[in-house]
Amino acid sequence: MRRKLVAGNWKMHGALHQNSELLTRIVAEASGLLCEIAVCPPYPYLAQVRSLIQGVAVALGAQSVSEHPSGAFTGEVSGSMLAEFGCRYVLVGHSERRALFGETDTVVAAKFEAAQKAGLIPILCVGETLSERESGKTEFVVARQLSAVLDRLGVAAMSSAVVAYEPVWAIGTGVTASPSQAQEVHAAIRAQIAALGSGVAADLRILYGGSVKPQNAKELFGQSDIDGGLIGGAALVADDFLTICHAAN
Ligand code: PEP
């Protein structure tokens, strides 16, 4: 049985007082939830968030990681640094990193590997653009993004990872994939992994991300291959995030 995971991607949002207010609400309700919760704040707030969630069933995650273990890489943050700060998860291959910061499939796979080497659980984000969907390439694109990791590390690497299907056209747009659109891609992802290792595929959590809201979370999470959500905008509003977490219960 896969335990649902709801992870909040705060992107480049937050401030000390806002984080504190948001987490006070989340922490107060976390123990009543059956799903796992994670929050991924910007790097400078990792220490603050870590102290606010101490002793509570909320996991800490980061939004990116360097593919290098250490060295002269100004501005980068390594996996071992994130692990030292108590991170359990790290996003890799978010579409904003791919589109705005030039992260290729190869770089994403290297980051995935670096995360696991540091003891972190990568949340591998995959998803197609609108034009790719409209030209019928959705499953091809997602399979290619997944293959970059599978070819580099083998299917066993997926046993300590999470995949997030995030159609680019749904991220931050208010347009959500319908439950059946999302389920179709989630099932294809699981089938691709199952072809290499059925046990790994059966245990793999595949999250949906892209304008998940309190109004649509329950139906999305009710699909057989959707194991929770990666939440952007709604993760910054305590009531919305908590309603989404309850929907994953
Ligand atoms: C995201 O950035 O991963 C995301 C899913 O954003 P939003 O929920 O705002 O669409």
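Counting starts at 1 for both ligands and their atoms, following the listed order.
- Not a single ring pair (Phe, Tyr, Trp, His ring centres under 6.0 Å) links F140 to another residue, sequence neighbours left out.
- The contact set between ligand 1 and G233, taken as ligand atoms under 4.0 Å from a residue heavy atom, comprises 7 (P), 8 (O), 9 (O).
- With sequence neighbours left out, Y165 forms a ring pair (Phe, Tyr, Trp, His ring centres under 6.0 Å) with H186.
- For atom 3 (O) of ligand 1, the choice among E166, Q63, K11 with the nearest heavy atom turns out to be E166.
- With hydrogens left out, the protein atom closest to atom 8 (O) of ligand 1 is G232 N, 2.8 Å, a heavy atom.
- The N/O atoms of G209, backbone and side chain alike, include none that comes under 3.5 Å of an N/O atom in ligand 1.
- Taking the side chain as every heavy atom from C-beta outward, H246 and L33 approach each other to under 4.5 Å.
- Between K117 and E113 there is a salt bridge, since a side-chain N of the basic residue sits under 4.0 Å from a carboxylate O of the acidic one.
- Side chains of D225 and Q183: a donor-acceptor N/O pair is present below 3.5 angstrom, by distance only.
- Residue H94 has at least one nitrogen or oxygen atom sitting less than 3.5 Å from a nitrogen or oxygen atom of ligand 1, judged on distance alone.
- In terms of polar-atom proximity, A234 is not counted as a contact of ligand 1, lacking any N or O under 3.5 Å from an N or O of the ligand.
- In A170, the part holding a heavy atom less than 4.0 Å from any atom of ligand 1 is the backbone.
- For ligand 1, the polar-atom distance check against S211 finds a nitrogen or oxygen pair separated by under 3.5 Å.
- Taking every heavy atom of I171 and a limit of under 4.0 angstrom, the matching atoms of ligand 1 come to 1 (C), 2 (O), 4 (C), 6 (O), 10 (O).
- Residues S66 and M81 have side chains not in contact (no heavy-atom distance under 4.5 Å, counting atoms from C-beta outward).
- In terms of polar-atom proximity, defined here as any N/O pair under 3.5 Å, G210 makes no such contact with ligand 1.
- Taking 4.0 Å as the cut-off between side-chain N and carboxylate O, R88 and E36 count as a salt-bridged pair.
- If you look at N9 next to ligand 1, the close heavy atoms, those under 4.0 Å, all belong to the side chain.
- Residues H13 and Q18 have side chains not in contact (no heavy-atom distance under 4.5 Å, counting atoms from C-beta outward).
- Atoms of ligand 1 found under 4.0 Å from any heavy atom of G172, numbered from 1 in the order shown, are 7 (P), 9 (O), 10 (O).
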